[in-house]
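One structure is given below, encoded as structure tokens.
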Amino acid sequence: MTSSSDSTSSGTDPLTGAAPQDAAVPQSLAPLANAGWQFLLTAGLATIALGVVILAWTGETLRVIGVLFGIYLLVTGVFQLAAAFGTHVPGHLRALHFLTGALSVLLGLICFRGTLQSLLLLALWIGFSWLVRGIMMTVATVSAKAVPARGWTLFYGIISMLAGIVLIVSPLTSIAALTLTVGILAIVLGVVEVCHAVRMRVAVGRLARGTETRRRPLFHSRPHPQH
């Protein structure tokens, strides 16, 4: 006959003979998993809706993107102008901050003149950034032979250069194609998230059923201490 001290030291419940922490773990994880699949399902549906809106109203989407890009240029320009007059900026960098800030503000104001101007500036902005980044990555990879994954890095640098050249040569066509690609990718990503949420919901249901089968009874027949 095992005593209550032996049962306690072995980590099992003296009344049921089962480890109480085994049932506590699923009970603590179930609410978190339940909220997780609901959030994932909501995010997936929102992503699908965003992709549908982009594909259905491409012109309106491009107009909104142009306005947001203009706001971005204005905000960054104002901050750069403010930084040009800051005490922490060295003297030889004040002129650079001032010129870049003034140029950003000017380009931001041009964006608000029409959708065509803003999209043209956005495409050129992205194209030049991809081109410069691709050139830097390609040169660094060719000059340094000890770069990890050298082949993939060189391939990515060349692809970035080609994409930047395409955006610079035909900016409006490229930015429209890029918008359509983003819409399609958003729908695909949303579908994947919804499928993941459904699978998580099934796992939560199994977890809840396993917790219900391991619940402790409400009443226990406690033996008399003298027995």
Side-chain angles (χ1 to χ4, degrees), residues 21-76 108 111-112 115-116 118-131 133-134 137 148-149 152-153 155-164 166-167 170-215:
Q21 63 269 20
D22 294 341
V25 172
Q27 289 179 355
S28 60
L29 291 180
L32 181 61
N34 191 27
W37 79 262
Q38 291 178 1
F39 174 79
L40 192 61
L41 179 63
T42 304
L45 294 177
T47 307
I48 293 175
L50 177 62
V52 171
V53 168
I54 292 176
L55 295 180
W57 295 284
T58 307
E60 297 296 331
T61 303
L62 291 176
R63 187 174 293 108
V64 172
I65 292 174
V67 172
L68 293 178
F69 181 64
I71 295 174
Y72 164 76
L73 289 177
L74 283 177
V75 172
T76 55
C111 288
F112 290 104
T115 306
L116 185 63
S118 60
L119 293 179
L120 180 61
L121 290 175
L122 176 60
L124 293 177
W125 186 285
I126 298 175
F128 278 110
S129 63
W130 284 358
L131 180 61
R133 183 178 182 183
M137 291 184 64
W152 286 106
T153 306
F155 175 75
Y156 182 75
I158 295 174
I159 293 297
S160 298
M161 284 193 301
L162 294 177
V166 170
L167 277 173
S170 57
L172 296 180
T173 305
S174 301
I175 202 69
L178 185 62
T179 305
L180 293 177
T181 304
V182 171
I184 295 173
L185 291 178
I187 294 177
V188 173
L189 180 61
V191 171
V192 172
E193 289 179 343
V194 170
C195 294
H196 190 191
V198 172
R199 294 182 60 184
M200 187 182 295
R201 176 66 182 88
V202 174
V204 170
R206 293 175 181 175
L207 185 64
R209 287 195 299 269
T211 305
E212 291 176 358
T213 56
R214 299 174 65 176
R215 285 181 179 177

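Just so it is clear, the values below take in all heavy atoms, side chains as well, and ignore hydrogens, waters and symmetry mates.
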Test log, rule side-chain contact (heavy atoms from CB on, under 4.5 Å), inputs Val194 and Leu41: CA-CA 5 Å; Val194 170; Leu41 179 63; 3.9 Å; yes
Phe69 CZ to Cys111 SG distance, which is reported to the nearest 0.5 Å: 5.5 Å
Pairwise distance CG(Leu122) to CG(Leu178) - rounded to 0.5 angstrom: 8.5 Å
Between CG on residue Leu62 and CD1 on residue Ile175, distance to nearest 0.5 Å: 7.5 Å
side-chain contact (heavy atoms from CB on, under 4.5 Å) assessment of Ile187 paired with Leu55: CA-CA 10 Å; Ile187 294 177; Leu55 295 180; 3.6 Å; yes
Shortest non-hydrogen contact from Thr47 toward Glu193: OG1-OE1, 3.5 Å
Passing candidate, side-chain contact (heavy atoms from CB on, under 4.5 Å) with Leu185, options Thr181, Leu189, Val182: Thr181
Cys195 side, atom SG; Leu40 side, atom CG - distance, nearest 0.5 Å: 10.0 Å
Distance (rounded to the nearest 0.5 Å) between Thr42 OG1 and Phe39 CZ: 8.0 Å
Smallest separation among heavy atoms of Gly134 and Ser160, with atom names: CA-CB, 3.8 Å
Inter-residue atom distance Ile65.CD1 - Thr61.OG1, 0.5 Å rounding: 6.5 Å
Over 12 foreign heavy atoms within 6.0 Å of OH, Tyr156: no
Polar side-chain atom of Ser129 near backbone of Ile126 as donor-acceptor pair, under 3.5 Å: yes
Leu162 side chain reached by Trp130 side chain, heavy atoms, under 4.5 Å: no
Pro171 to Leu120 - nearest heavy-atom pair and separation: CG-CD1, 3.3 Å
